[in-house]
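The block underneath contains the structure these notes are about, expressed in structure tokens.
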Amino acid sequence: MSEIQKITSLHLDVLKEIGNIGAAHAATALSSLLTRKIDMHVPKVEMVSFNDMMELAGGAETVVVGIFLRIEGDSEGSMFFILPIKQANRFIQSLIGDDQFSFSDGKPTELGVSAMQELGNILSGSYLSALSDFTGMKLYPTVPGLSVDMFGAIISTGLIEISEVSDQVIVINTSIFEEGFDNRNEVHGHFFLLPDPDSFANIFKALGVA
């Protein structure tokens with residue numbers, strides 16, 4: 001049995017705590033970027049099968065906006081941030097002040113695409129910084145790539161290596177919202193962490209919960 005299949009509720013609790021610290025850092029950065037108060041939290045961290053992961057995104061054929069990057073350094077793996085296309089449109093419209101922006105029209109503006117990549121930079125950098133602080137490990141995100149495609153097509157890149165040793169991934173559910181507004185404006189995304197073989201064993205050993 002692979003190490004990732006041995007992850008317990010304690011491991012997930014530690015990841016949730018780290019996730020919330022990362023979310024707080026990301027919220028501060030987003031608030032500065034948007035010049036208004038943004039809040040973020042991680043309501044749940046869970047381990048799911050590949051099939052359940054597909055369902056979380058609405059199915060393999062659901063078109064989503066995905067940010068993909070590799071984790072490099074002392075432990076390696078793949079990270080995806082997935083947003084439903086309608087929520088991604090709404091968030092970027094708010095970010096760039098253009099209510100006509102859409103990822104659905106086939107030719108999104110360069111400004112909107114850059115804003116989405118910056119969101120990926122902020123979120124991934126904040127999460128990995130928090131994880132590095134807790135573990136003392138050096139972890140670096142690569143430059144994020146952006147795709148608008150069916151979820152199954154986007155995620156398949158990261159499944160190739162992990163599928164050889166496991167059929168499960170770690171999901172960090174993430175909520176982003178502007179303070180003072182009702183929850184209709186809340187954006188719900190998913191971070192999918194797909195560690196390379198043995199990477200998470202090294203991380204949890206560093207955390208003291210191996």
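For Ser132 (side chain) and Met137 (main-chain N/O), a donor-acceptor pair under 3.5 Å exists by modelled atom type. Using modelled atom types, no side-chain atom of Arg36 and backbone atom of Ser31 make a donor-acceptor pair closer than 3.5 Å. Counting only distance, with no hydrogens or angles, the side chain of Gln87 and the backbone of His188 share a donor-acceptor pair below 3.5 Å.
Between Ile122 and Ala29 the shortest heavy-atom distance is CG2-CB, 3.8 Å. The shortest non-hydrogen separation linking Ile18 to Tyr127 is CG2-O, 4.4 Å. Nearest heavy-atom pair across Asn173 and Glu46 is ND2-OE2, 3.3 Å. Between Ile96 and Gly112, the closest heavy-atom pair is CD1-CA, 4.1 Å. Across Met79 and Ser124, no two heavy atoms sit closer than the pair SD-CB, 3.9 Å. Scanning both residues, Ala57 and Val64, for their nearest heavy atoms gives O-CG1, 4.2 Å.
In this structure the side chain of Ile172 never reaches within 4.5 angstrom of the side chain of Leu15, judged on heavy atoms. Under the 4.5 Å side-chain criterion, counting only non-hydrogen atoms from C-beta, Asn202 is not in contact with Asp74. In this structure the side chain of Asp13 never reaches within 4.5 angstrom of the side chain of Glu17, judged on heavy atoms. Contact check for Phe177 versus His41: side-chain heavy atoms found under the 4.5 Å cut-off.
Note that CZ of Phe103 is 13.5 Å distant from CG of Asp149, once rounded to the nearest 0.5 Å. We find the OG-CD1 distance between Ser147 and Ile154 to be 5.0 Å, quoted to the nearest 0.5 Å. Rounding to the nearest 0.5 Å places CG of Leu128 at 11.0 Å from OH of Tyr140. Note that CG of Leu83 is 8.5 Å distant from CD1 of Ile67, once rounded to the nearest 0.5 Å. The structure places CD1 of Ile82 at 5.0 Å from CZ of Phe151, a figure rounded to the nearest 0.5 Å. Taking CG of Leu146 as the reference point, atom CD of Glu118 lies at 12.5 Å (rounded to 0.5 Å).
Within 6.0 Å of the CD atom in Glu72, the count of heavy atoms belonging to other residues, nucleotides or ligands exceeds 12.
Taking the six-membered ring where the residue is Trp, Phe81 and Phe191 present tilted rings, their angle falling between 30° and 60°. Between Phe192 and His190, the two ring planes are tilted [angle within 30° to 60°].
A search for side chain to side chain donor-acceptor pair (under 3.5 Å) contacts involving Gln117 returns nothing, not counting sequence neighbours. Here His25 pairs with nothing under the side chain to side chain donor-acceptor pair (under 3.5 Å) rule; sequence neighbours left out.
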Exercise for the section: Start with the C-alpha distance between Leu119 and Leu30, add both sets of side-chain angles, then the distance that settles side chain to side chain contact (heavy atoms under 4.5 Å, CB included), and finish with yes or no. Expected result: CA-CA 8 Å; Leu119 173 63; Leu30 282 173; 3.9 Å; yes
